[in-house]
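Proteins get letters first, then strands, A, B, ... in listed order; numbering begins at 1 in each. Predicted, not measured: the structure shown is a model, and the values here were computed from it.
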Amino acid sequence: MLAATQTAGPSVPTWVGVGASVLLVGVCVAVVVREQLGLGREVVVAAVRAIIQLVAVGALLGLLFTHTGLPGSLLWVAGMVAVGARVAGRRGRGVPNASWVAAAAIAVGVTGTLGLLVLAQVVNAEPRVVVPVGGMVVAAATRGTSVVLLRLAEESVVSRRLIEARLALGLPSGEAFAPHRRTALRTALVTDIDAVKTVGLISLPGAMTGLLLAGVAPLTAIRYQVVVMYMILSAVAVSGLVAARLGTRQLFDDAERLQEPASLAA
Amino acid sequence: MLVLDGVSVVRGDTTVLDDVSATLAPGRCTAVAGPSGAGKSTLLRLLDRLLEPTSGQVLFHGSPLPSYDVLELRRRVGLVQQAPVLLGDTVLADLRVGRRALTPDEASELLVRAGLEGMPLDRGTASLSGGEAQRLCLARALAVGPEVLLLDEPTSALDAVAALAVERVVLSLIADGLTAVLVSHDLRQARRLADDVVVLRAGRVVETGPASASEYLASAS
């Protein structure tokens with residue numbers, strides 16, 4: 001059971017190999033101890049946690065793939081959305097009801113992007129595809145939503161005079177805040193646009209790396225990576241847009257007044 | 001025209017305005033004066049519904065402010081902030097923020113009213129001096145056709161020459177019959193511009209009446 005699957009499939013280390021890699025943790029501990037960094041215990045805890053967490057996730061995914069089918073996988077993705085919403089909501093806590101805004105934004109971005117890929121049969125609607133691809137979409141949507149909410153909160157404080165000058169001219173809050181909403185969305189998108197621009201040049205991206213390790217030919221592996229990069233763009237754009245729109249509404253009250261600044265996220 | 005009826009504003013443990021009642025008459029300039037922290041700017045923001053009173057009410061033409069559509073109200077009660085806030089890249093773009101359909105001819109007329117006659121409409125707002133920028137803000141506020149103009153220390157961020165230029169514009173607008181509410185820490189300026197005065201101290205009204213008879217304003221000389 002612990003033997004590696006060394007047949008025609010992917011080249012994966014054996015459990016003995018994994019055990020041997022503990023030596024690398026030893027290298028890190030040696031550096032930490034020699035340089036008296038006071039991080040020795042943390043390195044060991046991190047290494048132990050990593051293996052426990054990954055074994056647990058691996059076992060859980062194994063159960064998911066064999067027993068729960070697609071519904072279980074979708075539930076898993078929903079769980080990831082909830083975690084993402086919590087993370088992005090914390091980051092953007094200067095926006096009232098940030099967690100709910102983040103949940104809606106990530107859910108819409110993930111459902112739209114993943115749904116489109118499945119409907120267009122670009123990816124298969126099977127657990128071993130939906131879970132990892134969903135994970136990548138959720139991560140991108142969470143990243144975009146976090147940046148948008150953080151920027152919205154900052155803009156509402158830093159640009160208060162500009163926003164109130166527009167409100168005082170009788171502009172509705174959506175228009176009064178529009179330039180700042182665009183700034184937030186632009187900031188969220190540029191990072192991923194840059195990542196798409198430089199893909200393959202700086203480092204080999206995750207999905208492609210995984211496929212190469214699994215023995216897939218490079219020109220085949222890139223097909224998946226192209227889809228992943230475009231999917232990330234879509235997820236960030238859709239989630240960012242929803243977060244920007246819903247977040248903007250939360251910043252104003254019914255009388256088109258900018259709310260008093262809440263404490264900004266760290 | 002604008003009436004404050006027992007208005008209080010409380011923020012946390014601080015009472016910013018305490019049971020303030022005052023009438024701001026139409027066609028006149030009312031100065032809101034008082035030391036720093038007296039609640040002058042807070043009072044001004046109440047009149048534009050940028051702030052809601054904790055208790056009491058503000059009436060406009062006899063009706064409580066919340067009975068008006070807030071966007072319509074803000075077009076009828078304009079606000080010029082303390083330091084110039086420019087919203088467009090060019091003079092024309094800035095004037096059009098509150099009124100998109102503003103024609104170049106109408107824009108030029110507004111510039112004349114604001115003492116900026118001859119200024120090119122395509123001039124970049126980044127190149128304007130402080131005084132020019134504040135007068136452009138006045139013109140932009142006038143572009144939406146307000147009945148009342150709220151002026152929140154409109155010259156405090158300007159040098160003496162620029163401040164005088166802005167003052168001249170405000171005086172001409174008041175002479176044309178516009179109702180104005182002026183918050184100013186400059187008592188001499190308040191005496192020059194205002195017909196009436198409301199003096200606040202620690203959030204309470206301590207004096208109201210004609211500016212010419214105000215003891216508080218007289219203390220400046």
Only distances under 3.5 Å count here; give the side-chain donor-acceptor pairs of residues 133-145 of chain A to other protein atoms, sequence neighbours excluded, each with its distance to 0.1 Å.
{"residue": "Thr142(A)", "atom": "OG1", "partner": "Val138(A)", "partner atom": "O", "Å": "2.7"}
{"residue": "Arg143(A)", "atom": "NH2", "partner": "Asp192(A)", "partner atom": "OD1", "Å": "2.7"}
{"residue": "Thr145(A)", "atom": "OG1", "partner": "Ala141(A)", "partner atom": "O", "Å": "2.7"}

- [ ] May I ask you to decide whether Arg74(B) forms a salt bridge with Glu164(A), counting only side-chain N to carboxylate O separations under 4.0 Å?
- [x] no
- [ ] Can you establish whether the number of heavy atoms outside Glu117(B) located under 6.0 Å from its atom CD is more than 12?
- [x] yes
Open item on the list: Can you give me the closest heavy-atom contact between Leu51(B) and Arg257(A), atom names plus distance?
Closed with: N-CD, 3.5 Å
Task: chain A contact via Arg45(B) - side chain, backbone, both or neither, heavy atoms under 4.5 Å - done: side chain
TODO: Name the region of Gln82(B), side chain, backbone, both or neither, that has any atom closer than 4.5 Å to a heavy atom of chain A.
DONE: neither
Task: Interface residues of residues 14-36 of chain B facing chain A - heavy atom cut-off under 4.5 Å - done: none
Open item on the list: With a sphere of 6.0 Å drawn around CZ of Arg113(B), does it hold more than 12 non-hydrogen atoms of other residues, nucleotides or ligands?
Closed with: no
Task: Closest-packed option against chain A by number of heavy-atom pairs under 4.5 Å, given Pro66(B), Ala83(B), Ala143(B), Cys137(B) - done: Ala83(B)
Task: residues 144-160 of chain B: residues contacting chain A (heavy atom under 4.5 Å, by number) - done: Val144(B)
Open item on the list: Are more than 12 heavy atoms, taken from residues, nucleotides or ligands other than Asp254(A), located less than 6.0 Å from that residue's CG atom?
Closed with: no
Task: Leu171(A) CG to Arg75(B) CZ distance, which is reported to the nearest 0.5 Å - done: 6.5 Å
Task: Interface residue of largest heavy-atom contact number with chain A, from Val97(B), Asp48(B), Leu79(B), under 4.5 Å - done: Val97(B)
Open item on the list: Does anything in residues 223-246 of chain A form a side chain to side chain donor-acceptor pair (under 3.5 Å)? List the pairs, not counting sequence neighbours.
Closed with: Thr113(A)-Ser234(A)
- [ ] Flag yes if more than 12 heavy atoms outside Arg249(A) fall under 6.0 Å of its CZ atom; otherwise flag no.
- [x] no
Task: Part of Arg11(B) within contact of chain A (heavy atom distance under 4.5 Å) - done: side chain
Open item on the list: Does Asp89(B), at its CG atom, have more than 12 non-hydrogen atoms belonging to other residues, nucleotides or ligands within less than 6.0 Å?
Closed with: no
Open item on the list: Can you confirm whether more than 12 heavy atoms, excluding those of Arg86(A), are under 6.0 Å from its CZ atom?
Closed with: no
TODO: For atom CG of Leu201(A), decide whether the heavy atoms of other residues, nucleotides or ligands shown that lie under 6.0 angstrom number more than 12.
DONE: yes
- [ ] Rounded to the nearest 0.5 Å, what's the gap from CG on Leu169(A) to CG on Leu71(B)? Could you check?
- [x] 11.5 Å
Open item on the list: With rounding to the nearest 0.5 angstrom, report the CG to CD distance, Leu73(B) to Glu256(A).
Closed with: 12.0 Å
